[in-house]
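Single-structure report; data block below.
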Amino acid sequence: MTSLHIGIAGAGLAGRTLAWRLLRAGCRVTLFDARPRAALDTASMTAAAMLSPLAELAVSDDAVFALGQRSMVLWPRWIAELAEGGGAPVYFRQKGTLVVAHAPDQSSLEHFTRLLQHKLPDACRAQVHTLDAAALAAQEPALAGRFGGGLFLDSEGQLANDQWMAALAIEIDRLGGQWHEGQAVERLEEGRIVCADATHAVDVAVDARGVGSKGQWPAVRGVRGEVLRVECPGVTLQRPVRLMHPRYALYVAPRPDHQFVVGATELESEDNGPVTLRSTLELGSALYSLHPAFGEARVLRLSAALRPALDDHRPAVVLRGGVWHINGLYRHGYLCAPAVVDELAHKLLGTESKEAT
Ligand SMILES: Cc1cc2nc3c(=O)[nH]c(=O)nc-3n(C[C@H](O)[C@H](O)[C@H](O)COP(=O)(O)OP(=O)(O)OC[C@H]3O[C@@H](n4cnc5c(N)ncnc54)[C@H](O)[C@@H]3O)c2cc1C
């Protein structure tokens, strides 16, 4: 046990998960966030939270793949540990991902399949299965007769990010974490967190502000993403479905209570304003084309946020000028968070990084 006092700027997925792991390890933790804890306009609250090491390999590299594979082992363990505190369970499923394309877009699916086979380590190739129409219907009865076939990526998962974030907040309170909500951090220095009205002394300062770190780390950039959330009792999906398309590749991720998250656009823009009409049409059309019963879906929410990215599109845990940074989670934050947070927690605690905190 240690009485190290760690100050964390940013209570998104990275900062909040790190705070929880450090509190469990016996640290004193103070969190600062410019927003209230339930704010919806962050990347962490907007994400679909699909855990897709295989599907994401098409747009990432082996470093992200390795972090994702390690995180897939840690997620169920961490979700179980979080529940030990007595909080509400977090929705987590590991039933794979389906990848489909309409007949005119088959070449997009073929390209995706080839890319995956090219990039996947030999040992993981058996996790990719080609399905004919009958096998697809057996996996996902709601899509019977709608596609000539598809790909099944087994062992991929998803979680309800809103439940994860809410459960962490409750557990951080229970474990005695101090939380300054609505408190913007101006800058971090070695052993100091500087806000407009006060400077807070800590043993170690950690910057987990996502795109908010840009002033202190100019290489961080925001990549705009938009999602649509609907409720549709008429359709049941067991797992996320990715729809390949030459212009935009979109997905539909099922959530509890007949809700679905449809996403996501990816725009090289730091505009975090409301979702555009064009994106609404693209997301809605993709959903409707997956199954016409989605025509009656009720729109619950349209949201946009900035993914914090670095040039190599890999998550980073680095010490810069006496301040630890955890950033660059980009489109893989949920996929990689346990491995990345675990790495930083061990660095701060000075313990072996092979052992999970
Ligand atoms: C549309 C969309 C879909 C996504 N889908 C997936 C997916 O399916 N799977 C997956 O793995 N990942 C997905 N992601 C990526 C994932 O959401 C992000 O990688 C992750 O949430 C980043 O977490 P973070 O904590 O680093 O940043 P953020 O969520 O941006 O959190 C940063 C926090 O810092 C606070 N902050 C900022 N500035 C200051 C300041 N000056 N002072 C104090 N606090 C400050 C903010 O209020 C915020 O709470 C998606 C992202 C988006 C936008």
Side-chain angles (χ1 to χ4, degrees), residues 7-19 31-53 55-56 60 64 67-68 71-72 75 97 156-162 164-165 168-169 179-188 193-196 206-216 220 222-229 240 242 250-253 261-267 272 275 279 283 301-310 313-317 325-341:
I8 303 175
L13 169 67
R16 210 176 284 205
T17 309
L18 178 68
L31 262 174
F32 300 83
D33 201 290
R35 296 173 168 84
R37 62 180 73 189
L40 295 176
D41 60 339
T42 60
S44 301
M45 292 297 266
T46 302
M50 291 184 300
L51 311 173
S52 310
E56 285 297 312
S60 63
V64 171
L67 290 168
S71 295
M72 290 309 287
W75 267 124
T97 301
E156 292 206 329
Q158 59 173 140
L159 61 83
N161 51 329
D162 43 1
W164 175 252
M165 295 288 283
L168 280 180
W179 197 318
H180 296 268
E181 292 180 62
Q183 176 92 262
V185 171
E186 290 188 344
R187 65 181 188 282
L188 292 89
I193 296 201
V194 182
C195 301
V206 179
D207 193 344
R209 290 177 294 166
V211 181
S213 300
K214 210 178 168 60
Q216 213 158 340
V220 174
V223 179
R224 180 177 166 88
E226 297 150 305
V227 294
L228 161 69
R229 186 189 274 251
R242 291 184 181 235
L250 296 172
Y251 53 74
V252 179
V261 179
V262 189
T265 60
E266 180 161 331
L267 304 163
N272 68 348
V275 179
S279 298
L283 295 167
R301 201 176 130 202
L302 277 160
S303 27
L306 299 180
R307 306 171 177 97
L310 291 162
H313 287 174
R314 291 178 177 177
V317 168
H325 290 255
I326 178 167
N327 214 319
L329 297 186
Y330 182 43
R331 53 181 287 151
H332 309 118
Y334 282 90
L335 175 61
C336 299
V340 178
V341 165

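Only heavy atoms go into these numbers, but all of them, side chains included; no hydrogens, no water, no symmetry mates. Whatever order the structure lists ligands and atoms in, that order sets their numbers, starting from 1.
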Quick one: does [X]'s side chain have a donor or acceptor within less than 3.5 Å of a partner on [Y]'s backbone?
X    : Y    : result
S303 : T46  : no
N161 : A47  : yes
R16  : A11  : yes
R307 : G222 : no
S71  : L335 : yes

What part of [X], side chain from CB on, backbone N/CA/C/O, both or neither, has a heavy atom under 4.0 Å from ligand 1?
X    : answer
R16  : neither
A208 : backbone
A337 : neither
R331 : backbone
V227 : side chain
M50  : both

Quiz question: by atom type and distance under 3.5 Å, do the side chains of S52 and R242 form a donor-acceptor pair? yes
Y251 and Q158 side chains, donor-acceptor separation under 3.5 Å: no
Provide, to 0.1 Å, the distance between [atom] and the closest protein heavy atom, together with that atom's residue and name.
atom                    : answer
atom 43 (C) of ligand 1 : A34 N, 3.2 Å
atom 23 (O) of ligand 1 : S44 OG, 3.2 Å
atom 42 (N) of ligand 1 : V185 N, 2.7 Å
atom 38 (N) of ligand 1 : G212 CA, 3.5 Å
atom 46 (C) of ligand 1 : R35 NH1, 3.2 Å
atom 5 (N) of ligand 1  : A48 N, 3.3 Å
atom 31 (O) of ligand 1 : G12 CA, 3.5 Å

Least distance between heavy atoms, N327 atom then S213 atom: ND2-OG, 3.4 Å
Which heavy-atom pair separates K214 from V220 by the least distance, and what is that distance? NZ-O, 2.9 Å
Under a 4.0 Å N-O cut-off, is there an ion pair linking R35 with E181? no
Do NZ/NE/NH1/NH2 and the carboxylate oxygens of D162 and R229 come within less than 4.0 Å? yes
Considering only heavy atoms, which of [options] lies nearest to [atom]?
atom                    : options                : result
atom 14 (N) of ligand 1 : A55, S52, P315, A47    : A47
atom 47 (O) of ligand 1 : V220, T46, V223, D33   : D33
atom 16 (C) of ligand 1 : Y330, Y251, F32        : Y330
atom 25 (O) of ligand 1 : A14, G68, G10          : A14
atom 32 (C) of ligand 1 : Q216, H332, R209, E186 : R209

Closer than 4.0 Å to some heavy atom of R307 - which atoms of ligand 1 meet that? 1 (C), 2 (C), 51 (C), 52 (C), 53 (C)
Side chains of R37 and W179: closer than 4.5 Å at any heavy-atom pair? yes
